[in-house]
Protein chains: 2
Amino acid sequence: MSEDFIEQLRGYVADNGLKSSRQREIIAEVFFGCEEHVAIDQLLSKAREKDTKISQATVYRTMKLLSECGLAKMRHFQSGQTLYEVSDGQKGHHDHLICLGCGKIIEFVNAKIEQLQHDIAEQHGFELADHRMELYGYCDAAKCAEKKRA
Amino acid sequence: MSEDFIEQLRGYVADNGLKSSRQREIIAEVFFGCEEHVAIDQLLSKAREKDTKISQATVYRTMKLLSECGLAKMRHFQSGQTLYEVSDGQKGHHDHLICLGCGKIIEFVNAKIEQLQHDIAEQHGFELADHRMELYGYCDAAKCAEKKRA
DNA sequence: GTCAGTGCAAAGGTTTTGCAATTTA
DNA sequence: TAAATTGCAAAACCTTTGCACTGAC
């Protein structure tokens, strides 16, 4: 499946008069192989395991390209940090449940909420294009329940 | 009502062994007088209409203070920009509907969604602490409906 | 007088960009 | 060979901080 994404990338590259590169393939491979949300420096260090010389600029440029061709999506979380995830269009839309204790991020979808969101947009004369919902709380791990009290 | 917020700020300052200052009062006044969401540079330029010499650092420091005492809340939107709004605790919780055409931000609350959010958190063993929901779309203004097509 | 607050400029952190060298088609 | 890609370092942002000075208590 990761290979599938790489194919899409190659198609985009070919269709737009761009050229392939080893670095870009490595970064894309690392990105699509990531469980969920990754930061630039995580991508960089993982990419460097395969090629020591990959630069941070190339990671930024590759992620920008992946965003443009709809394979990646940049997200700004409440904490302010920027993370990338495989685009909704590729792996299905989902929202996030985030633990303030351990940072764990759980993805979920709720059809009723999706419906209500459309209703609300309509009520205000909006044509909905996208949305994000993030729930912040503490998971059931002991240390997280403890942090909650503090 | 803006005066009411200023009073709360004064109370916090007094209770914590801090001192009052003209600049801080001006910035707070500007902030509480803002319709909705403001960026640092907007606050700075509005504050400078009342006192030319106010520095950016003071605006940052004041907004940090207002966040600490629960009067302001910092928000990171999808675009990546950081905006401040009067805290939920002060003006009631709400979510956002944002026009991608003109940038207009509408606040709303939907009890059903709030309920569903709690249900979801519970299903995953989470204790909900906070949440955010942002709907992005195009409002019914002609120019915005047009941008949508592009 | 003491200590918090301020303005300025420098320092931090993150992301983008200019450029010469390299690689792809 | 022409044009895209890369790495590096500089630049561009945004935010925080150190410091000497000012102002509140």
Side-chain angles (χ1 to χ4, degrees), chain A residues 6 9-31 37-69 72-84, chain B residues 6 9-31 37-69 72-84:
Chain A
I6 301 277
L9 172 60
R10 286 184 187 136
Y12 181 86
V13 165
D15 294 349
N16 290 76
L18 305 180
K19 290 171 182 172
S20 71
S21 90
R22 187 177 35 80
Q23 292 92 326
R24 194 148 61 195
E25 292 251 334
I26 290 175
I27 295 164
E29 200 177 301
V30 164
F31 172 62
H37 309 78
V38 265
I40 289 290
D41 52 322
Q42 292 177 293
L43 288 169
L44 180 61
S45 60
K46 286 192 183 183
R48 280 188 172 162
E49 289 172 11
K50 305 190 181 184
D51 177 342
T52 330
K53 293 214 182 51
I54 287 181
S55 78
Q56 200 176 41
T58 300
V59 177
Y60 274 107
R61 289 190 273 231
T62 299
M63 293 317 294
K64 192 182 176 194
L65 179 69
L66 289 176
S67 301
E68 282 164 9
C69 68
K73 181 160 182 176
M74 188 193 267
R75 296 192 71 101
H76 299 278
F77 287 89
Q78 193 69 288
S79 64
Q81 71 179 319
T82 303
L83 300 179
Y84 289 85
Chain B
I6 301 276
L9 171 61
R10 285 183 187 138
Y12 181 86
V13 165
D15 294 349
N16 289 76
L18 304 179
K19 291 169 183 173
S20 71
S21 90
R22 185 178 35 80
Q23 291 92 327
R24 195 148 59 195
E25 292 253 333
I26 290 175
I27 295 165
E29 200 177 302
V30 164
F31 172 62
H37 309 78
V38 265
I40 289 289
D41 52 322
Q42 292 177 293
L43 288 168
L44 180 62
S45 61
K46 285 193 183 180
R48 281 188 172 161
E49 289 172 11
K50 305 190 181 184
D51 178 340
T52 330
K53 294 214 182 54
I54 286 181
S55 79
Q56 202 177 38
T58 299
V59 177
Y60 274 106
R61 287 190 273 234
T62 299
M63 293 318 292
K64 191 180 176 196
L65 180 69
L66 289 176
S67 300
E68 282 163 8
C69 69
K73 182 161 183 174
M74 187 194 270
R75 296 191 71 100
H76 300 277
F77 285 89
Q78 193 70 286
S79 63
Q81 70 179 320
T82 303
L83 299 180
Y84 289 85

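All chains are named by letter (A, B, ...) in the order of the sequence lines, taking the proteins before the strands, and each is independently numbered beginning at 1.
- Note: CG (Leu44(B)) to P (dC8(C)) measures 11 Å, nearest angstrom.
- In this view, Lys73(B) and Asp130(B) satisfy the salt bridge (Lys or Arg N to Asp or Glu O under 4.0 Å) rule, not counting sequence neighbours.
- Residue pairs satisfying the side chain to side chain donor-acceptor pair (under 3.5 Å) criterion with at least one member in residues 38-49 of chain A, sequence neighbours excluded, are absent.
- Distance CD (Gln23(A)) to C1' (dT23(C)): 9 Å, rounded to an integer number of Å.
- The side chain to side chain contact (heavy atoms under 4.5 Å, CB included) check on His37(B) picks up Phe77(B), Leu83(B), Glu85(B), His96(B), Ile105(B), Glu107(B), with sequence neighbours excluded.
- Near DNA chain C, meaning a heavy atom under 4.0 Å from it, residues 13-22 of chain B has Gly17(B), Leu18(B), Lys19(B), Ser21(B) in order of number.
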Would you be so kind as to tabulate the donor-acceptor pairs closer than 3.5 Å made by side chains of residues 13-24 of chain B, with sequence neighbours excluded?
| from | atom 1 | to | atom 2 | distance (Å) |
| --- | --- | --- | --- | --- |
| Ser21(B) | OG | Arg24(B) | N | 3.1 |
| Arg22(B) | NH1 | Asp51(B) | OD2 | 2.1 |
| Arg24(B) | NH2 | Lys19(B) | O | 2.3 |

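- Between the CG atom in Leu44(B) and the CD1 atom in Ile54(B) there is a gap of 8.0 Å [rounded to 0.5 Å].
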- Message: I need a per-nucleotide contact map over nucleotides 14-21 of chain C, read 5' to 3'. Cutoff is protein heavy atoms under 4.0 Å; write B for the base, S for backbone only, - otherwise.
- Response: SBBBB---
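- Under the rule for a side chain to side chain contact (heavy atoms under 4.5 Å, CB included), the partners of Arg10(A) that lie at least two apart in sequence or sit in another chain are Glu3(A), Ile6(A), Glu7(A), Glu25(A).
- In this structure, Arg48(B) atom CZ and dT6(C) atom C1' are separated by 12 Å, rounded to whole Å.
- On the nucleic acid side, DNA chain D contacts chain B at distances under 4.0 Å to non-hydrogen atoms, with the end points of that region at dC14(D) to dC25(D).
- Between Thr82(A) and Arg75(A) there is no side-chain heavy-atom pair separated by less than 4.5 Å.
- Lys50(A) is linked by a side chain to side chain contact (heavy atoms under 4.5 Å, CB included) to Ile26(A), Glu29(A), Val30(A), counting only residues two or more places apart in sequence or in another chain.
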Show me the donor-acceptor pairs within less than 3.5 Å that the side chains of residues 59-69 of chain A make with the rest of the protein, sequence neighbours left out.
| from | atom 1 | to | atom 2 | distance (Å) |
| --- | --- | --- | --- | --- |
| Thr62(A) | OG1 | Thr58(A) | O | 2.8 |
| Ser67(A) | OG | Met63(A) | O | 2.8 |

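- The nearest pair of heavy atoms linking Tyr84(A) to Ile40(A) is CE1-CD1, 3.5 Å.
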